[in-house]
Amino acid sequence: MIFVCAILPVLTLCLAVLYAALIRRFLIVKAKLPVLGVRGALGRTAGRRRSMAALGALFFAVCLAAQLAADIWSPNMLMVFSYEEAARGQNPNVTRFNESNILSDDILEQVIQRGGLALSPEQLSACLSISTPLDAEKLDVSQESDLKISTEYHVHCSERISLYRTDPKTVLNLLADVYWENFVQNYAENDSILDLSFEKLEGMEYLDVKDYLEMQANKLRNYLPSYSAESSSFRAQGNGETFSSLSQKISNFIDIELERYEAFVLENGLAGNRTTFQSRMQYANRRLDVSKRKEMASHDVRIEAINMYNAYMTRFVLIPTYDADKEFYMSKTKVGVDYFADEAKEHLEFATRLVEEMEHNTYASGQIGGSRAAASVYAQADQQIDALKAELLSLSAQSRELCSTYVKEKRDGYIQVSFTGPAIPGIVLKALLLTVLFVAVLGGHAVLAPFWREYRSGRAAEREGRRKQQRREEASV
């Protein structure tokens, strides 16, 4: 096939040679070209017009067929980035998009490995080229409004790739597959957080199971709001779920199901190892008590600082201000005592939460210490854990399905790949142009033919005369 692709360059080269020969002949015989003689020569070419027309038609057919075959065998691949951020020059994860990554060494190495190609990344890179529809435009970078960002890229594979026992379309298909996989893995929305694992639950304390499942559920709940902000009305086709409704289901799982499980464990004082759990609660309370005292000390320092302020220093100041709607109002400014009061409140609230956690640990330790739960109660707790795991896995599957459907419909698969067909009008126009040049050069040679024969005959007569003169001179000597 590479020989077919070489037909057009060979024909173009032949045209160049013919025109070079025509120009040389014209320069040689131009002194012998009277106007009436040229007109007569044009008239004498009438008998050759059929042959010239036949050669022109043959030349046109060969050019047209060669171009069509080359474009069909080695088409351009069009990659259209269909997600919203592409128009801003960004990847779906809002990082900067770089078109050079399409033909990066890492991508080309994977293409070679997947296709089992017998060439190096450097050789493959030499056969590939990338362009955009904006390359032909002259952009005035001095004005930001004139800057344009392309979302379409044409990738072409040279016919030289056949020297490595493969064809351009196979290489382009491999490139599209490899680049899409890398693009989704590195720059698309990463939903790997929706993959839940319960391996660590083996041998875990019953109360710790609740914390672990809550952590897994929060992974799902924290992932959905980003999609909900983009399209709050998007619904799954099967069950009609939205991001908000699914997020509410996860919240109910945390606030109701897990709390119910924790209440059951505390009520019955369930623990895998009673002594170890009580020792751990005591150690945790000692650390919490130290943190609580630090917070209270910070609170007391700020209260003391507030009491040291003079009454005249704590008066607020009103400043004339305009709001977002250009409405006039008097803005109250904060002074140092206001910041101290806010910080004191924060430290007190945090200390209060620590006290509540300490009380919870003390209660749990007491319940477990006095528990006499039967084996059937432990079996019931294990059944509840299995049910919670199954429900959480179901929520994970629903989240993944909803997110995948959204990405597929709204992101349109990120990248659309297609192969551009032959540009018939352009191919026909190019073939016609080359045919006109071919017929013109044939006509030029036909016009100059009699003068060129006359010139050659004159040159031959001169050479014969010189030889006769030389022989006479030699005979006289």
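What you are looking at is a predicted structure, and each value in this text was computed from that prediction instead of being measured.
Contact detail for Ala351 and Glu295: the closest heavy-atom pair is CB-CB, 3.9 Å. Of all non-hydrogen atoms in Leu128 and Cys157, the two that sit nearest each other are CD2-CB, 3.7 Å. Nearest heavy atom pair, residue Tyr83 against residue Tyr414, reads CD2-O, 3.6 Å. In plain terms, the two heavy atoms of Met358 and Asn285 that are nearest each other are CA-OD1, 3.4 Å. The nearest pair of heavy atoms linking Ile112 to Ser120 is CD1-C, 3.5 Å. Across all non-hydrogen atoms, the minimal contact from Glu241 to Ser245 is OE1-OG, 2.6 Å.
Aromatic rings of Tyr153 and Phe81 (six-membered ring for Trp) have centroids within the 6.0 Å cut-off, being under it. Proximity of the aromatic rings of Tyr206 and Tyr378 is defined here by a centroid distance below 6.0 angstrom, and this criterion is met.
Applying the side chain to side chain contact (heavy atoms under 4.5 Å, CB included) test to Val436 and every residue at least two apart in sequence or in another chain returns nothing. Remark: Gln384 engages no residue in a side chain to side chain donor-acceptor pair (under 3.5 Å) (not counting sequence neighbours). Applying the side chain to side chain donor-acceptor pair (under 3.5 Å) test to Asn222 and every residue at least two apart in sequence or in another chain returns nothing. Taking the ring pair (Phe, Tyr, Trp, His ring centres under 6.0 Å) definition, one finds that Phe277 meets it with nothing, sequence neighbours left out. A search for side chain to side chain donor-acceptor pair (under 3.5 Å) contacts involving Thr170 returns Asp167, not counting sequence neighbours.
Checking Gln398 against Ser394 by side-chain atom types alone, a donor-acceptor pair falls below 3.5 Å. Using a 3.5 Å distance cut-off with no hydrogens or angles, the side chains of Gln282 and Asn361 do not pair a donor with an acceptor. For the residue pair Ser104 and Asp106, no side-chain donor N or O sits within less than 3.5 Å of a side-chain acceptor on the partner. For the residue pair Tyr212/Gln216, the side-chain donor-acceptor check at 3.5 Å is satisfied.
A salt bridge is absent between Glu205 and Arg280: the closest approach of a Lys/Arg side-chain nitrogen to an acidic carboxylate oxygen does not fall below 4.0 angstrom. Salt-bridge annotation for Glu357 and Arg353: absent, with no side-chain N of the basic residue lying under 4.0 Å from a carboxylate O of the acidic one.
A heavy-atom distance below 4.5 Å is found between the side chains of Phe198 and Leu213. Residues Leu220 and Ser396 are in side-chain contact: their nearest non-hydrogen atoms beyond the backbone lie under 4.5 Å apart.
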Show me, pair by pair, the donor-acceptor contacts under 3.5 angstrom made by side chains of residues 171-179, not counting sequence neighbours?
unit_1: Asn173; atom_1: ND2; unit_2: Lys169; atom_2: O; d: 3.2

| message | Between Asn76 and His154, is the side chain to side chain donor-acceptor pair (under 3.5 Å) condition met? List the steps. | response | CA-CA 6 Å; Asn76 283 336; His154 295 274; 5.0 Å; no
| message | Please determine whether salt bridge (charged side-chain N to carboxylate O under 4.0 Å, His left out) holds for the pair Lys292 and Asp289, giving the CA-CA distance in whole Å, both sets of side-chain angles, and the decisive distance to 0.1 Å. | response | CA-CA 5 Å; Lys292 183 204 72 172; Asp289 184 62; 3.6 Å; yes
| said: Could you walk me through whether Thr95 and Asn91 satisfy the side chain to side chain donor-acceptor pair (under 3.5 Å) test, starting with their C-alpha distance in whole Å, then the side-chain angles of each, then the deciding distance to 0.1 Å, before giving a yes or no? | reply: CA-CA 5 Å; Thr95 58; Asn91 296 309; 2.9 Å; yes
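The aromatic rings of Phe438 and Phe59 sit parallel, their planes meeting at an angle under 30°, below the 60° perpendicular limit.
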